Amino acid sequence: MASRLPDILTIDWPKNATSPTPAAQLALKRAVQLVRSGGLVALPTETVYGLATDALDSESVDRIFQAKGRPATNPLIVHVADKEMAKTLAADWPDTADAIASHFWPGPATIVVPKKKIVPDNVTAGGSTVALRCPDHRIMQWIINQSGYPLAAPSANRSESLSPTCASHVLESLRHRVDLILDGGQCVHGIESTVIDCTATPFQILRPGPIDREHLESILGETVTVNTQSIDMHQTQTRSPGLHARHYAPKTPLELTTDAASRVKELLEAGSRIAWMTSHIDDPVTRSLASSHNVLVIPVPKTPNAFAAMLYATLHAIDKRELDRIICDDPPHTHSWEAIRDRLSRAATVVDS
Ligand code: TXA
Ligand code: MG
């Protein structure tokens, strides 16, 4: 592990150009060399920044766990160039996996299938399945293709903290624990991929994400279940703090509430300094509370995709202000908001812990 801070190299790749600028190609070459020699490279994907290394080398993979402070029991996602590369790692390739890959790859769909022996045990936390994803990002694709390796890449943050959606978030979280950061700007989706278990019948969404269950159902023609435990468990978690691991958490305690205005008023009266994430900015009550110096009103979008794109960046920015609390309007209880509710309810667990 490096002892000095990593270089951050900007990848200039004009939108319509098929290849990056010569300077960017040099930077990408350095990243490829690092990956080939067991180094850790942080780089953008369309969801969040990933911390990547050769997925087939268990020592390199160990370095990821160390850099993140991640428990060895939590498996990693392996990123592939295409379906063909995915099949070299899968012991079985069910029809559902094929349908999901055909429709959603490259894109934010992670498919869990039985693993082949060549996938090191530490990648899968000793389990018999492997999570595979083909990212829709030119930089990540370039590194996979040029290195020739599938890349193990969790989100490029210390365990239990917010995922990074830009290069500076990576540096702030991992510091000297990463060898190189490729800066490819903001991530488009802003939340982690949808993880789908194709080994279970009926198959299940294990982690809600940018592809929601209705979209999956419309493509597959089958009912998709969501492992609601991951959502409900975290609601329980808010009531019973400390029972479960924290994830996706800002440092500032976050509360989700259906009556945010009353809660904000109450906290202001108690002298707290608050960030209030709300979509009701034109509401007269919001306007009147916003006049207090102790509240920072942050307008949030009314659509789930736009909300996801700004969520982590907003929480990162709020953390820098060292406020006492984040109040967030409870998002709609509909399928399209499932991923947002999942992330916010996990973040909200910090409140009582
Ligand atoms: O969008 C993403 O998925 C990002 C980018 C970098 O690709 N990656 C990401 O990785 O979010 P990570 O490690 O932060 O989250 C991976 C999730 C974890 O919840 C892990 O438990 C689950 O995927 N996972 C990995 N392998 C699995 C497996 N074999 N079975 C079930 N869940 C698995
Ligand atoms: Mg993560």
Side-chain angles (χ1 to χ4, degrees), residues 40-53 55 61 64-65 67-80 86 89-92 97 104-116 119-137 139-141 143-144 150-165 169-170 173-174 178 182 184 187-200 203-211 227 229-231 233-234 244-249 308 312 339 342-343 346-347:
L40 303 185
V41 176
L43 76 181
T45 79
E46 79 280 29
T47 56
V48 299
Y49 273 67
L51 181 66
T53 199
V61 169
I64 286 185
F65 282 94
K68 280 183 65 83
R70 181 177 178 118
T73 47
N74 194 1
L76 304 179
I77 294 175
V78 177
H79 298 70
V80 294
L89 308 171
D92 183 29
F104 292 106
W105 283 5
T110 295
I111 302 172
V112 175
V113 288
K115 85 171 187 89
K116 271 195 181 144
V119 180
D121 285 339
N122 55 354
V123 170
T124 63
S128 59
T129 62
V130 61
L132 300 170
R133 155 164 140 76
C134 174
D136 186 14
H137 200 290
I139 294 177
M140 183 69 148
Q141 284 285 347
I143 304 292
I144 297 172
L151 298 182
S155 51
N157 53 283
R158 293 282 285 167
S159 194
E160 297 185 2
S161 53
L162 291 173
S163 289
T165 56
H169 295 161
V170 177
S173 186
L174 290 176
V178 51
L182 298 181
C187 299
V188 176
H189 290 296
I191 56 168
E192 304 82 352
S193 62
T194 306
V195 178
I196 308 139
D197 185 358
C198 291
T199 65
F203 55 91
Q204 257 199 345
I205 293 180
L206 297 179
R207 179 177 69 183
I211 298 168
N227 180 5
Q229 235 193 337
S230 67
I231 299 173
M233 188 175 78
H234 287 281
H244 305 288
R246 283 166 23 182
H247 290 289
Y248 312 109
Y312 290 147
D342 176 67
R343 303 304 190 276
R346 286 165 192 259

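Please read all numbers here as calculations on a predicted model, not as lab measurements. One-based numbering, in listed order, for ligands and for the atoms of each. Basis for what follows: all heavy atoms, side chains included, without hydrogens, waters or symmetry-related copies.
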Worksheet item: Are any of the N or O atoms of T45 closer than 3.5 Å to those of ligand 1?
Response: no

Practice prompt. State whether the side chain of R158 and the backbone N or O of A67 hold a donor-acceptor pair below 3.5 Å, judged by distance alone.
Written response: yes

Response to the item:
heavy-atom search around atom 17 (C) of ligand 1 in the protein gives R207 NH1, 3.6 Å

Worksheet item: Hey, does P135 sit under 4.0 Å from ligand 1 if you only count heavy atoms?
Response: no

Discussion item. Quick check on contacts: which atoms of ligand 1 are under 4.0 angstrom from a heavy atom of A131?
Written reply: 25 (C), 26 (N), 27 (C), 29 (N)

Discussion item. Return the CD1 to CZ distance between I111 and R133, rounded to the nearest 0.5 Å.
Written reply: 11.0 Å

Practice prompt. Just jot down the ligand 1 atoms closer than 4.0 angstrom to any heavy atom of L76, in number order.
Written response: 25 (C), 26 (N)

Discussion item. Just by distance, no angles: are the side chains of S193 and T110 close enough, under 3.5 Å, to form a donor-acceptor pair?
Written reply: yes

Practice prompt. Give yes if a backbone or side-chain nitrogen or oxygen of E192 is under 3.5 Å from a nitrogen or oxygen of ligand 1, and no if not.
Written response: no

Discussion item. Using modelled atom types and a 3.5 Å cut-off, is there a donor and acceptor pairing between side-chain atoms of T165 and backbone atoms of G190?
Written reply: no

Discussion item. Any side-chain to backbone donor/acceptor pair from Y49 onto G184? Under 3.5 Å, distance only.
Written reply: yes

Worksheet item: When rounded to the nearest 0.5 angstrom, what is the spacing between CZ in R343 and CG in L162?
Response: 11.5 Å

Worksheet entry | Shortest protein contact, atom 31 (C) of ligand 1 (heavy atom only) | L206 CD1, 3.6 Å

Worksheet item: Taking only residues two or more places apart in sequence or in another chain, which ones pass side chain to side chain donor-acceptor pair (under 3.5 Å) with D92?
Response: none

Discussion item. So, taking the atom named CD1 in I64 and the one named CG in L51, what distance separates them when rounded to the nearest 0.5 Å?
Written reply: 5.0 Å

Discussion item. Give me the residue, atom name and distance of the protein heavy atom closest to atom 3 (O) of ligand 1.
Written reply: S193 OG, 2.6 Å

Item to complete: Considering only non-hydrogen protein atoms, determine which one is nearest to atom 29 (N) of ligand 1 and report residue, atom name and distance to 0.1 Å.
Response: T129 OG1, 3.1 Å

Discussion item. What's the separation between atom OG1 in T45 and atom CG in L151, rounded to the nearest 0.5 Å?
Written reply: 11.5 Å

Worksheet, complete the sentence: Nearest non-hydrogen protein atom to atom 33 (C) of ligand 1, with distance, is P75 CG, 3.7 Å

Fill in: Protein N/O/S atoms closer than 2.8 Å to the Mg ion (ligand 2)
S155 OG

Discussion item. Checking V41 against I143 for the side-chain contact (heavy atoms from CB on, under 4.5 Å) test, could you report, in this order, the C-alpha distance in whole Å, the side-chain angles of both residues, the deciding distance, and whether it holds?
Written reply: CA-CA 10 Å; V41 176; I143 304 292; 5.9 Å; no

Practice prompt. Measure the distances from the heavy atoms of T124 to every atom of ligand 1 and state whether one is below 4.0 angstrom.
Written response: no

Worksheet item: Does Y49 reach ligand 1 with a nitrogen or oxygen that is under 3.5 Å from one of the ligand's nitrogen or oxygen atoms?
Response: no

Worksheet item: Could you walk me through whether W105 and V80 pass the side-chain contact (heavy atoms from CB on, under 4.5 Å) check?
Response: CA-CA 10 Å; W105 283 5; V80 294; 4.0 Å; yes

Item to complete: Identify which of A153, P44, A109, A52 has a heavy atom lying nearest to atom 8 (N) of ligand 1.
Response: A153

Discussion item. Run K115 and V123 through side-chain contact (heavy atoms from CB on, under 4.5 Å) and show every step you take.
Written reply: CA-CA 10 Å; K115 85 171 187 89; V123 170; over 6 Å; no

Discussion item. Do E192 and S163 pair up side chain to side chain, a donor and an acceptor below 3.5 Å, judged on atom types alone?
Written reply: yes

Response to the item:
The option among I77, N74, T47 carrying the non-hydrogen atom nearest to atom 5 (C) of ligand 1 is T47

Worksheet item: Between S155 (side chain) and N157 (backbone), is there a donor-acceptor pair under 3.5 Å?
Response: no

Worksheet item: Can you tell me the protein heavy atom closest to atom 14 (O) of ligand 1 and the distance?
Response: S155 OG, 3.0 Å

Worksheet item: Do R70 and ligand 1 have an N or O pair less than 3.5 Å apart?
Response: yes

Item to complete: For H79 and ligand 1, answer yes if some heavy atom of the residue is under 4.0 Å from a ligand atom, otherwise no.
Response: yes

